[in-house]
Trainee: 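First the structure, then my questions, so here it is.
All figures in this text were calculated on a predicted structure; none of them were measured in a lab. First the proteins, then the strands, lettered A, B, ... as listed; each starts at 1.
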Protein chains: 2
Amino acid sequence: MKTNPIEIVIIEDEEDILELVEYHLQKAGYETMGFLSTQNVEQFLEEENPSLMIVDRNLPECEGSEFVAELRRYGCNIPVIFLTAKDRDEDIEEGFVRGGDDYITKPFKPKELVLRVQALLRRSGITSNEKIKYRDLILDIPNRTLTIENNLVELTNLEFKLLHTFIKNPNITLDRDFLRDEIWGEDGANFNDKTINVTINRLKKKIDPTGEKEYFIPVWGVGYKLG
Amino acid sequence: MKTNPIEIVIIEDEEDILELVEYHLQKAGYETMGFLSTQNVEQFLEEENPSLMIVDRNLPECEGSEFVAELRRYGCNIPVIFLTAKDRDEDIEEGFVRGGDDYITKPFKPKELVLRVQALLRRSGITSNEKIKYRDLILDIPNRTLTIENNLVELTNLEFKLLHTFIKNPNITLDRDFLRDEIWGEDGANFNDKTINVTINRLKKKIDPTGEKEYFIPVWGVGYKLG
DNA sequence: ATAAGTTGATAACAAATTGATAACAAATAT
DNA sequence: ATATTTGTTATCAATTTGTTATCAACTTAT
């Protein structure tokens, strides 16, 4: 089973530094997503829900701390570390006031950056990414939402549980007994076989109305597999 | 505005510095408790439950970071900021590895210390002297008031707790079990499911009488989410 | 290859579950 | 004691889930 690494966004307009930061964070086991400006970041946050952001302040178009302040205003609570050359007392104050959780001045020690990232993640109660992806499906567990190509797809509780089970076991055939135990519980005294078919079908229709993507592959006489 | 202040423990063997730190934190509205060594601190933690600790490392008898590591081993999760002259890379690493949340080296700027204290408290969910905003809701924690577009909205105690819980977890589906534990307490032997519905509904009506803003989104069979 | 039997897909319907809301009762605070 | 807050219950509405019937697809035996 593939584990979902923690994803960190870095906004930094100097490419050398961006690469340096990404290198060290990746070495520490994190997944990174770099941006050279604040452009497109907002959209990315909505889609991916990363766990932490490292933000430079001297950015083209939009100043980094103002960007963060704006996010905070809209209820975005992602942990933020400023990584910037702005090292005057007033700058640092501004960074914290505008919603930063930590403030590192350049030049910086990569190791300390990683340590501070770890400490902040720990304190924020983030242990692993809360999103599970499979092909173009993004399942957000705490949100209980499914996103397909930027579209929110409403799922019922049963459908969510079912899809979750399949995405946790991709490419593995789940037989009907397993599904019954896992989704419906062990009390299957009188359990209609066709219930599974119907539920899978309803789910199929919701996530792939045209049926062209063939997420669920029936395995005759056994069950289904997510392919 | 009477609110029980946040209490901060400072462990620092140089009396001058201890006084300086206490002075600035008190000026920022915190209650402080200073110690010249780690002695008696453990007992104090159990009795008083302070919100944060500022710890020097070069202390008589017991080294500061070892003391924190020991606390962590026993499950103590209090936010810790190290404030120390030990500024080598290995020292800083040790500080974080042993459970510190932040690391400030001497000489330090008092203002930055206060900012870092505030940031860490905020991230730790200790909000007592903060305002939390979400969309057009402004929740004033110490005053226990809610303002919507400059209008004061009266909330009962229960409603305030409920809204506070949701605003702390925006966009996250809070299930009924969680809400019951969080708001009503663990003694849910006989707890009427519908109590949550009714309370949410009363809150909805107060903060959005016309229902057009759709703050609370029901998640079928699970709970609610603030959206 | 074809027929019979089995299994899956699908639609329509029925049942069960869950949420909203109002009215009332109990508890708590002032 | 009175007002306010909070919990309970009943009713209704919405949604979800299960059942059944019918048809299509697949497997296997002849």
Trainee: Would you please indicate yes or no on a ring centroid separation below 6.0 angstrom for A:Phe35 and A:Phe44?
Mentor: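 Distance test on ring centres: under 6.0 Å, yes.
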Trainee: Is B:Lys206 salt-bridged to B:Glu154, going by a charged N under 4.0 Å from an acidic O?
Mentor: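 Between B:Glu154 and B:Lys206 there is no salt bridge, as every charged N stays at least 4.0 Å from the carboxylate O atoms.
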Trainee: Any heavy-atom pair between the side chains of A:Leu121 and A:Ser51 that's under 4.5 Å?
Mentor: yes
Trainee: Would you mind reading off the distance between A:Phe191 atom CZ and D:dT19 atom P, rounded to a whole angstrom?
Mentor: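 Atom-to-atom, A:Phe191 to D:dT19, this comes out as 8 Å.
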Trainee: Counting heavy atoms from C-beta on, name the nucleotide in D:dA14, D:dT20, C:dG8 closest to the side chain of A:Trp220.
Mentor: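 Comparing D:dA14, D:dT20, C:dG8 against the side chain of A:Trp220, the answer is C:dG8.
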Trainee: Between B:Asn77 and B:Arg72, is there a side-chain donor-acceptor contact under 3.5 Å, judged purely by atom types and distance?
Mentor: no
Trainee: Got a salt bridge between B:Arg116 and A:Asp102, using NZ or NE/NH1/NH2 to carboxylate O under 4.0 Å?
Mentor: yes
Trainee: Could you give the CZ-to-P distance, from A:Phe216 to D:dA25, as a whole number of Å?
Mentor: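 Rounded to the whole Å, the gap is 21 Å.
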Trainee: Does the side chain of B:Ile81 come within less than 4.5 Å of B:Val55's, by heavy atoms?
Mentor: no
Trainee: Just checking B:Tyr224: base, sugar-phosphate only, or nothing, at a heavy-atom cut-off of under 4.0 Å?
Mentor: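 Contact class for B:Tyr224: sugar-phosphate only.
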Trainee: How long is the line joining CD1 of A:Ile196 and P of C:dG8, in whole Å?
Mentor: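 After rounding, the gap between these two atoms is 9 Å.
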Trainee: Within less than 4.0 Å of OP1 or OP2 of D:dG7, is there a side-chain N or O belonging to B:Trp184?
Mentor: yes
Trainee: Could you check A:Thr199 against B:Val198 and say which one's nearest nucleotide on DNA chain D is further toward the 5' end?
Mentor: B:Val198
Trainee: Distance check: side-chain N/O of B:Thr195 vs OP1/OP2 of D:dT8, anything under 4.0 Å?
Mentor: yes
Trainee: Which parts of residues 201-209 of chain A get close to DNA chain C, meaning a heavy atom less than 4.0 angstrom away?
Mentor: A:Asn201, A:Lys204, A:Lys205
Trainee: Tell me, which of residues 155-162 of chain B have any heavy atom that sits under 4.0 Å from an atom in DNA chain D?
Mentor: B:Thr156, B:Asn157, B:Leu158
Trainee: Whole Å only: how far is the CZ atom of A:Arg144 from the P atom of C:dT18?
Mentor: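 After rounding, the reported distance stands at 13 Å.
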Trainee: Looking at A:Glu63 and A:Arg98, is any side-chain nitrogen of the basic one under 4.0 Å from a carboxylate oxygen of the acidic one?
Mentor: yes
Trainee: Assess the residue pair B:Glu182 and B:Thr165 against the criterion (side chain to side chain donor-acceptor pair (under 3.5 Å)); give the C-alpha distance rounded to whole Å, side-chain angles, the decisive distance to 0.1 Å, and a yes or no.
Mentor: CA-CA 8 Å; B:Glu182 196 77 4; B:Thr165 303; 5.0 Å; no
Trainee: B:Asn192 has an atom CG; how far is it from atom P of D:dT8, in whole Å?
Mentor: 5 Å
Trainee: What's the separation between atom CG in A:Leu155 and atom CZ in A:Arg202, rounded to the nearest 0.5 Å?
Mentor: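 Reported to 0.5 Å precision, the distance equals 13.0 Å.
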Trainee: Please report the distance, rounded to the nearest Å, between CG in B:Asp175 and C1' in C:dG19.
Mentor: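 Rounded to whole Å, this separation is 16 Å.
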Trainee: Expressed as a whole number of angstroms, how long is the span from B:Glu154:CD to D:dA3:P?
Mentor: 18 Å
Trainee: Just how far, in rounded Å, is P of D:dC12 from NZ of B:Lys194?
Mentor: 14 Å
